[in-house]
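Below you'll find the structure, written out as structure tokens, and then a few comments.
Keep in mind that what you see is a predicted model, and the values were worked out from it rather than measured.
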Amino acid sequence: MMRGKAGSILALWLWLFIAAPMMTQDYDASNYRKTMIQMLAAAHDAARGRGLDLDVFDAVAASGDALYAAPLIDIAYFSRSQEVGQRVLGALNALTGERGGWREFFDWAGANDIALPPDYDEFKGLLLAAFVDTEFSRFFRPGVMNSAAINLVEPVWGGVTVDGIPSLVNARQISPKDATDEGYQFSDFCRDSDCSYPAADELVFGLSIDGDSRAYPLRLLNWHEMFNDVIGHAPLYAEPDGAWVCDFRAPTAFDARARSGDEWVFIGGRSAGCPREGWLRHEHIQWLDGGDPLNALPDVADGGEALDAGFAGQVRGAPVMLAYCTLCGAGVLYDVSIPDLAYTDQDGARVEMGDTVLEFGSSGLLMRSNKLMYDRNTDTVWNAITGEPAFGPLATSGLVLDVLPVVVTDWASWLAAHPETSVLSLDTGFRRNYTNGAAYSDYFNSTELMFPSWQQDTALIANKEMVFALRLQGQAKAYPLATIIPRRVINDRVGTTDVVILADATPEREFFEPGGAAVRAYHRQGHSFSAGEDEASLVSGDGRSWRISEEALIASDGERLPRIGGHLAFWFGWFGFYPDTLVYGE
């Protein structure tokens, strides 16, 4: 199959409008590829009002070949006429003995891990390309099913095109003061005459790496479901060895225009809470155009004058990605730096990519009502809640993204604990209704699921009850917020790791978003903790006081116990992929 969007469109046109019509009178169910294309052409023609030649579905039903169940289920999802739907569901009944509509058959297929016919991957790409977006075909190239880590019948269209929910890439961060100004500048996003940005009680994803704290309001992430960013900062000085001015944040691009010796670089740029110009240490700089242009910069220590236009750079930092599945209520922060990335392509050739930072977008697909994302480096499709490749070039790589700490808390609490924080700007470059509660409010505040998730257990926990989720040493464990909030400090073990979990309820609002408590987990290494004198401290069993920070618990004598990566989720979203999970309190 030809690569790229143009190739996909041309191939699809050839199959649907030239090859398929020529084959419509010859039904040979032993030829899976031909028959699946005929079924697709028939459903596509019916949807476009070009006729109702549906005999191919009767031929498939008469074949008795249950391998056709998967493509029939896919076609049933896109049936646009009652007659097509009835013919497809009738064929499914004949081949499987099951009854019901598309959802019942889809749940049945997932629960039974049904076998797939040859060339099913190519068919699924063509189906999605024909009915939704030609870009889908690049995820389902011929042969991808042979290395897939999942059953390809499970991915289902989520109602949007590829990148129809646009991820944020290095989106602008601003200071809390500038955020307040933006709230009134973007008055279309005021709620009930409250233009506060962020509002005191609104929920944010809060993270802190190497002392760089940032907030990402859920009212924005509900529309984007993902951010790719670089976390880190370096001190900016008024003069070389002069007074500290602010912390200049990655990945803000700056213009380096002069130097002072080999240690200092004069830059101009726009970082949250910083002035336009200042001096950075050379060691903190990552140059954007390759190489190191330091010696090409005028040295002001030798009388040189700053350039009007210099060299592009940014502060070094840690590349991260937050995958936020709004449907399953899970926002998972991942480390996306992959050292020495290599894989074997479909032709058996070894591809060496070296040290790689993966950038992610939304595939437009779901699995068990969980977001499937893709990396723009290789077009591999990933599971957002497990951090594992699902299908595509990296499916057999053995990669699992490392989970990093993130907290969902209210803005007032985050700002009080981190007055130096930055916050995501309302000016994202996209036109969306960023009013508090504007996106997914009906879904968040309903008990119903929007898409199927066949693997559920509601015996003790409701589908949309919030849990805090950890997985360590191969063991998964869920902590229902309703159980842990009253206890606040929980000493426990997951796998072979002693953990202490802290849960602080967030303010109740008139509408719900996936949250309810700021929950953080830390190593405890045999210590037993209880609440301290204030909300920012703990006391260990040996009587020592410990300060709670975003990155570690810090004892009065300097001992540190690192934070552990975990996240919130709706119970069904977590159970859907970790049915063997332990549940705290049971």
Side-chain angles (χ1 to χ4, degrees), residues 160 163-192 194-208 212-231 249 251-252 272-273 320-334 359-362 371 373 384 406-415 418 421-445 506-507 509 511-515 518 567-568:
V160 295
D163 284 320
I165 299 175
S167 64
L168 298 176
V169 180
N170 300 338
R172 182 178 170 228
Q173 291 273 321
I174 57 177
S175 69
K177 178 182 180 302
D178 288 341
T180 298
D181 294 339
E182 271 199 356
Y184 291 93
Q185 176 186 350
F186 293 94
S187 57
D188 288 348
F189 306 144
C190 301
R191 180 182 175 89
D192 298 331
D194 181 6
C195 297
S196 303
Y197 180 71
D201 65 349
E202 78 172 271
L203 298 181
V204 301
F205 290 107
L207 61 95
S208 185
D212 183 10
S213 299
R214 304 191 185 187
Y216 300 79
L218 269 65
R219 67 156 114 169
L220 275 71
L221 267 296
N222 288 337
W223 288 104
H224 298 282
E225 299 192 353
M226 186 179 300
F227 66 73
N228 301 270
D229 212 340
V230 182
I231 313 301
R249 287 177 164 88
T252 307
V320 301
M321 180 272 296
L322 183 117
Y324 177 32
C325 173
T326 51
L327 295 180
C328 59
V332 192
L333 186 68
Y334 289 112
E359 182 181 304
F360 285 84
S362 292
K371 183 183 186 70
M373 57 194 183
V406 65
V407 68
V408 179
T409 187
D410 59 285
W411 169 245
S413 297
W414 181 259
L415 180 60
H418 307 282
T421 189
S422 63
V423 61
L424 184 61
S425 170
L426 283 167
D427 187 9
T428 63
F430 297 94
R431 294 181 62 85
R432 298 291 187 275
N433 180 5
Y434 293 134
T435 305
N436 253 316
Y440 289 100
S441 184
D442 289 344
Y443 175 78
F444 292 149
N445 292 274
T506 50
R509 299 180 296 168
F511 61 93
F512 178 80
E513 286 177 322
H567 59 87
L568 299 182

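Pairs engaging residues 421-443 under the salt bridge (charged side-chain N to carboxylate O under 4.0 Å, His left out) rule: none recorded [sequence neighbours left out]. Applying the salt bridge (charged side-chain N to carboxylate O under 4.0 Å, His left out) rule to pairs touching residues 194-203 yields E202-R219, sequence neighbours excluded.
The structure places CZ of R214 at 13.5 Å from CG of L322, a figure rounded to the nearest 0.5 Å. Atom CZ of residue F186 and atom SG of residue C195 lie 12.5 Å apart, to the nearest 0.5 angstrom. Here the CD atom belonging to E182 is positioned 13.5 Å from the OG atom belonging to S196, to the nearest 0.5 angstrom. Interatomic distance, CZ of R509 versus CG of N436, reported as 6.0 Å (0.5 Å rounding). In this structure, the separation between CE on M321 and CG on D229 is 12.0 Å, given to the nearest 0.5 Å. Atom NE2 of H567 sits about 6.0 Å away from atom OH of Y334, to the nearest 0.5 Å.
Closest approach of G164 and V160 over heavy atoms only: CA-CB, 4.4 Å. Nearest heavy atom pair, residue Y440 against residue L327, reads CE2-CD2, 4.2 Å. Between P166 and H224 the shortest heavy-atom distance is O-ND1, 2.8 Å. The minimum heavy-atom distance between A199 and W411, with the atom names listed, is O-CB, 3.5 Å. The heavy-atom pair separating S425 from Y197 by the smallest distance is C-OH, 4.2 Å. When all heavy atoms of C190 and T435 are compared, the pair lying nearest together is O-CG2, 3.7 Å.
Side-chain contact of T428 with Y434: a donor-acceptor pair under 3.5 Å is present, judged by distance alone. Side-chain contact annotation: T421 with S213, donor-acceptor N/O pair under 3.5 Å absent.
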Full working for side chain to side chain contact (heavy atoms under 4.5 Å, CB included) between V423 and I174: CA-CA 5 Å; V423 61; I174 57 177; 4.0 Å; yes

Stepwise side chain to side chain contact (heavy atoms under 4.5 Å, CB included) check, L333 with F205: CA-CA 10 Å; L333 186 68; F205 290 107; over 6 Å; no

Side chain to side chain contact (heavy atoms under 4.5 Å, CB included) evaluation trace for F227 with L220: CA-CA 10 Å; F227 66 73; L220 275 71; over 6 Å; no

Working for side chain to side chain contact (heavy atoms under 4.5 Å, CB included), residues L424 and L221: CA-CA 10 Å; L424 184 61; L221 267 296; 3.9 Å; yes

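Qualifying side chain to side chain donor-acceptor pair (under 3.5 Å) partners for D410, counting only residues two or more places apart in sequence or in other chains: S413. Looking at residues two or more places apart in sequence or on another chain, you find a ring pair (Phe, Tyr, Trp, His ring centres under 6.0 Å) between W414 and H418. Every residue was checked against the ring pair (Phe, Tyr, Trp, His ring centres under 6.0 Å) condition with F512, not counting sequence neighbours, and none meets it. With sequence neighbours excluded, no residue forms a side chain to side chain donor-acceptor pair (under 3.5 Å) with T409.
Side-chain atoms of S167 never come within 3.5 Å of backbone atoms of D163 as a donor-acceptor pair (strictly under, hydrogens ignored). Between the W223 side chain and the N433 main chain, a donor and an acceptor come within less than 3.5 Å of each other.
Separation of the Y216 and Y324 ring centroids does not fall under the 6.0 Å cut-off.
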